Every structure is written in structure tokens, then in C-alpha cells.
Amino acid sequence: MSLESSFDFRVVHASTQSQARIGEMHTAHGPVKTPVFMPVGTLGTVKALCPQDIASCGAEIILGNTYHLYLRPGCEVIERFGGLHRFMGWEGPILTDSGGFQIFSLSMLRRITDIGAEFQSHIDGSRHVLTPEKAVDIQTCLNSDILMCLDECIGYPSDRSVVREALKRTLHWAYRCKRRWVFTGCSGALFGIVQGGMDAELRSESAQRTVEIGFPGYAIGGLSVGEPVEQMMLMAEVAVQYLPVHAPRYVMGVGTPENLVELVSRGIDMFDCVMPTRNARNGQLFTDRGTINISNACHRFDTGPVDDGCGCYTCRHFSRAYLRHLYLSREILAYRLNTIHNVYYYLHLMERIRDAIERDQFEAFRKTFSEHRTES
RNA sequence: GUGGGUGUAGCUCAGUUGGCAGAGCACCGGGUUGUGGCCCCGGUGGCCAAGGGUUCAAGUCCCUUCAUCCACC
């Protein structure tokens with residue numbers, strides 16, 4: 001592993017009742033308490049929020065995206081600022097996604113070979129090739145605190161042969177990413193990604209072989225691509241079995257509040273998901289009793305906050321009636337206030353989770369949480 | 001006053017040789033999982049301006065009235 005890496009992770013407290021644990025991650029841009037949720041800031045902004053908002057919602061680390069930032073504004077611009085942190089005015093740690101998922105989700109425009117992913121820009125149609133080496137180089141240029149290996153994510157359902165091919169390619173690419181990362185002496189930590197579709201055997205093979213390559217942290221990718229929740233949980237369990245206890249585990253792109261609680265109990269430390277931010281922009285707000293749609297007519301005269309106990313800026317200052325009005329009027333402020341609430345809700349949930357684990361009350365918390373949710 | 005146009009869902013309008021009343025927007029619900037604010041799915045809503053006539057059958061054809069717009073006096 002790179003000697004210059006300032007990355008470090010240690011488990012502070014492990015639950016006696018489940019695999020849940022709290023940990024401390026140290027990065028070049030500061031510490032992160034786990035389990036952690038990372039708000040998604042694809043294009044160098046957590047949509048609708050400024051860094052001050054992000055921090056006041058309780059975020060310690062955010063996510064940026066290699067594919068999107070490479071296409072626009074391009075590395076040359078961000079390099080001039082010494083990285084994404086100063087470019088976007090966010091002082092805290094940043095994890096960058098490699099672009100593997102975008103290659104999957106923008107599949108109309110791509111061609112995958114062993115060399116890398118050839119794709120057409122969704123912006124101007126220009127052709128690009130993203131190799132594992134290039135993915136690491138771009139993330140290095142972004143001065144990312146945590147870099148992700150380029151991987152191949154597949155859909156659900158997929159034939160076993162397709163899953164196997166993607167698994168092999170992801171491993172090969174992981175090896176090349178690591179070699180590049182070691183060679184360049186990048187100060188950020190590089191995480192490997194476990195694939196293997198919904199096949200327990202292939203999942204465990206992927207996990208074992210990724211661990212053999214050796215990374216400071218491990219992600220479980222290719223989940224929540226349309227499979228039933230039980231399937232997702234099972235695949236996480238299978239992968240975790242083979243992941244080292246002393247390294248952080250990150251389930252990519254997940255999920256609902258319920259998903260987070262369930263995955264924490266299975267030993268997962270890190271999450272990211274567009275759900276709180278995207279759904280905020282679509283008027284869906286999270287509470288412990290389920291989601292509410294702020295556009296619903298029942299909120300028209302409601303002078304109360306979105307969530308009674310919530311300490312977020314939005315809930316402390318504004319009513320459901322006002323938020324409904326802003327949303328239906330498509331006012332810019334609607335996006336900001338809704339996003340503040342949802343991001344706060346997710347981050348506060350993680351805080352409650354950590355607190356429960358620390359007090360050895362996590363199983364009780366988990367039970368109460370899922371009961372409240374199903375009531376509504 | 002004269003000539004012409006237009007009246008169909010809350011709004012803007014389609015509606016074929018006469019054959020089950022339609023769309024977009026709005027409104028009311030639902031969806032959204034490594035992000036384009038997009039988008040997707042469902043639903044409510046009609047005395048087809050009013051009255052009369054022709055016809056097996058009229059939003060559609062004919063007559064009258066009303067409303068409204070334009071042009072010219």
C-alpha cells in the first residue's frame with residue numbers, strides 16, 4: 001500500500017448483537033465517523049445546497065463523480081485549483097466514484113472491452129475511452145480522498161455467463177487500478193469493488209479475489225439494480241463474510257432508510273445514494289413514519305413542520321403549507337429547503353445508528369425503526 | 001350598423017365522408033437506490049354557448065338567439 005497514503009480506519013466499537021460496528025476513518029481532509037452516509041454531489045455540488053448547508057446538515061464526507069467531472073468542466077480546470085475541494089469550496093473529505101456505474105446506466109452510448117470502456121459523451125456525443133488507469137488518474141487529479149476502482153456493473157436479471165464475465169473484468173481492472181495507484185503514489189485511498197450479480201457463489205468468489213489484490217477499503221457494487229430487497233441483503237451478507245474486519249465496507253448506491261439500518265446490522269460502514277437529494281427535488285420528504293409527498297393537498301393548510309422532532313433548518317423555520325406552496329410554484333427555494341431536510345434526516349439517522357451501536361442498543365433501535373416504518 | 005371569424009374539460013385547443021368525447025397544461029394520487037432539477041405510471045373533470053330542425057344516429061348539416069374577436073362605416 002502507498003506509504004504516502006494518509007488514510008486510516010479502525011473499528012471503535014463492535015456490536016455484540018449483530019455485525020454492526022462504529023468506526024473512525026481518517027483522510028487527508030479530516031476524520032469521518034462510521035457508519036456514514038455520503039450525500040451525492042455528482043457534478044461538484046450536492047444539488048441545491050452550498051457547502052455551508054451540507055456541513056450544517058451534518059455531512060462529514062461527500063461524493064463526486066469521475067465520469068461527469070471529466071466530461072465537464074474537465075481535469076485541466078479542476079487541476080488548476082489543486083483538486084475538487086478548493087474548486088467547489090468543500091473542505092471535508094471527498095469520495096469519487098470511478099464512472100463504472102455511469103457506463104452501466106448510460107449503456108446506450110458505450111462499448112466495453114478488456115482495455116476499458118469506450119463511450120460517447122451524453123453532453124456532446126464526443127467519443128472517449130475510460131481505462132482503469134485513466135479512472136485512477138482522473139480521481140488523482142481531483143485530489144480525491146477515496147478513489148474507486150473502475151468496475152463493470154450489470155443489470156438485473158443477468159445470465160450467469162454475463163455476471164461471470166463482468167466479475168472477471170472487474171477483477172482485472174481492479175488489479176490495473178491498484179498498480180496505477182501504487183505507481184503514482186496517490187495520497188488518497190483506493191477501494192476495490194465486489195461484483196458478482198445475485199449469485200452467491202460468484203459474489204463470494206469476487207469478494208475473495210478482490211481481497212487478495214488488497215485494498216484499504218472495499219465496496220459492494222451492483223446492488224439495488226432492480227432485485228428484491230431480500231436478494232440485496234443476502235448478497236451483502238455473502239460479500240461481508242470475506243471482507244477483512246479492519247477495512248471499511250461500502251455498499252454503493254443504497255438506499256432507503258430501512259436499507260441502511262438493515263445493512264449496518266450486516267456490518268456495512270459506508271453508503272451513498274441519490275435518494276434523499278433527488279426525492280427532495282421531487283417533493284418526497286423522509287420521516288421516521290415514512291415518506292410524505294409535500295405536494296399532497298392534505299398539507300395545504302398545515303401549519304406544522306414536515307417532521308415534528310426534526311432539528312433541521314427547514315423544520316425549525318417553515319411549515320408544510322409553505323413548503324407545498326414553494327414546491328407547486330417550482331420556486332428554487334423548494335429544492336434547497338427540501339434537500340436540507342432529507343439530507344439532515346439521513347445524516348441524523350446515521351448519528352442515531354452510531355449512538356445505538358455505542359450503547360449496545362442497536363438491535364432494539366432496528367426493531368423499533370422497522371415497526372414505525374411499517375405502521376405508516 | 002354592415003361583413004367575416006370563433007364558441008368542445010379550470011386553461012390552450014384537436015375532433016376526418018355525420019357513427020362510443022380527445023390531447024397538452026393544470027388539478028388529485030403513486031413511482032424514483034454509485035443523479036440532468038428530468039422523467040415515468042395512474043386518476044378526477046364535459047347539458048360540445050342556448051333553443052329549435054333534418055337524420056336510425058348531430059360536436060359535425062340547417063335555422064334562430066346569445067357571447068366574443070376582427071375589419072369597415
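The sequence lines fix the lettering, A, B, ..., with proteins before strands; numbering per chain opens at 1. Bear in mind the structure is a predicted one, so any value in this text is a computation, not a measurement.
When the C1' atom of B:C27 is taken as reference, atom CG of A:Asn296 falls 12 Å away, rounded to whole Å. Taking atom CG of residue A:Asn65 and atom C1' of nucleotide B:G34, one finds them 8 Å apart after rounding to whole Å. Put simply, OH on A:Tyr345 is 19 Å from P on B:U33, counting in whole angstrom units. When the P atom of B:G29 is taken as reference, atom CZ of A:Arg300 falls 12 Å away, rounded to whole Å. The distance from atom CD1 of A:Ile294 to atom P of B:C28 is 12 Å, rounded to the nearest whole Å. Atom OH of A:Tyr327 is separated from atom P of B:G37 by 11 Å (rounded to the nearest Å). Summarising the geometry, the separation between CD1 on A:Ile220 and C1' on B:G34 is reported as 13 Å, rounded to the nearest angstrom. Nucleotide B:U32 holds its C1' atom 5 Å from the CG atom of A:Asn279, rounded to whole Å.
Residue-to-nucleotide proximity on RNA chain B shows that, of A:Gly41 and A:Leu328, the 5′-proximal contact is made by A:Leu328. The residue among A:Arg324 and A:Ala48 whose nearest nucleotide of RNA chain B is located toward the 5' end is A:Arg324.
OP1 or OP2 of B:G36 lies within a sub-4.0 Å distance of a side-chain N or O belonging to A:His68. In this model, the phosphate group of B:G29 is not approached by any side-chain N or O of A:Asn293 to a distance below 4.0 Å at OP1 or OP2.
The existence of a salt bridge linking A:Asp355 and A:Arg359 is confirmed by a sub-4.0 Å separation between a basic side-chain nitrogen and an acidic carboxylate oxygen. Using a cut-off of 4.0 Å between Lys/Arg side-chain N and Asp/Glu carboxylate O, A:Arg160 and A:Glu201 are scored as salt-bridged. Salt bridge A:Arg352/A:Asp288: present, at least one basic N to carboxylate O contact under 4.0 Å. Looking at A:Glu363 and A:Arg366, a side-chain N of the basic residue comes within less than 4.0 Å of a carboxylate O on the acidic one, giving a salt bridge. Electrostatic pairing of A:Arg354 and A:Glu358 does not count as a salt bridge here, judged by no charged N lying under 4.0 Å from a carboxylate O.
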(request) Report the C-alpha distance between A:His348 and A:His341 in whole Å, list the side-chain angles of each, state the deciding distance to 0.1 Å, and finish with yes or no for ring-ring contact (aromatic ring centres under 6.0 Å, His included). (result) CA-CA 10 Å; A:His348 184 59; A:His341 172 78; over 10 Å; no
(request) Check step by step if side-chain contact (heavy atoms from CB on, under 4.5 Å) holds for A:Asp97 and A:Thr66. (result) CA-CA 6 Å; A:Asp97 191 8; A:Thr66 301; 5.6 Å; no
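Counting only Watson-Crick and G-U wobble pairs whose two key distances fall under 3.5 Å, RNA chain B forms stems of three or more stacked pairs at B:1-7 with B:66-72, B:10-13 with B:22-25, B:27-31 with B:39-43, B:49-53 with B:61-65.
Nucleotides B:U16 and B:G53 have their P atoms positioned 25 Å apart, rounded to a whole Å. Nucleotides B:G4 and B:U17, compared at atom C1', are 27 Å apart to the nearest Å.
A donor and an acceptor atom, one from each side chain of A:Ser295 and A:Asn293, are located under 3.5 Å apart. A donor and an acceptor atom, one from each side chain of A:Asp360 and A:Gln17, are nowhere located under 3.5 Å apart. A side-chain donor from one of A:Thr256 and A:Asn259 sits under 3.5 Å from a side-chain acceptor of the other.
Residue contacts for A:Gly100: at a heavy-atom cut-off of 4.0 Å it reaches no nucleic acid atom on any strand shown. Within the 4.0 angstrom heavy-atom criterion, base atoms lie near A:Ile193.
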(request) Determine, for nucleotides 38-43 of chain B in 5'-to-3' order, which nucleotides have protein heavy atoms under 4.0 Å from the base (write B), from only the sugar-phosphate (write S), or from neither (write -). (result) B-----
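A perpendicular orientation is assigned to the rings of A:Tyr70 and A:His128, their planes being inclined by more than 60° (bins at 30° and 60°). Using a 30° and 60° split on the angle between ring planes, A:Tyr313 and A:His317 fall in the tilted class, from 30° to 60°. Classified by interplanar angle (parallel below 30°, tilted 30° to 60°, perpendicular above 60°), the ring pair A:Tyr218/A:Phe215 is perpendicular.
Scanning residues 134-171 of chain A for heavy-atom distances under 4.0 Å to RNA chain B yields A:Asp151, A:Cys153. Contacts between residues 250-263 of chain A and RNA chain B, counted as heavy-atom distances below 4.0 Å, involve A:Met252, A:Gly253, A:Val254, A:Gly255, A:Thr256, A:Asn259.
With sequence neighbours excluded, no residue forms a side-chain hydrogen bond (donor to acceptor under 3.5 Å, both in side chains) with A:Thr287.
The nucleotide whose nearest atom lies closest to any side-chain atom of A:Asp272 is, among B:G36, B:G34, B:U32, B:G34.
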Sequence neighbours left out, cut at 3.5 Å: what donor-acceptor pairs do the side chains of residues 76-89 of chain A make with other protein atoms?
| unit_1 | atom_1 | unit_2 | atom_2 | d |
| --- | --- | --- | --- | --- |
| A:His85 | NE2 | A:His29 | ND1 | 3.2 |
| A:His85 | NE2 | A:Gly92 | O | 3.4 |
| A:His85 | NE2 | A:Asp145 | OD2 | 2.7 |

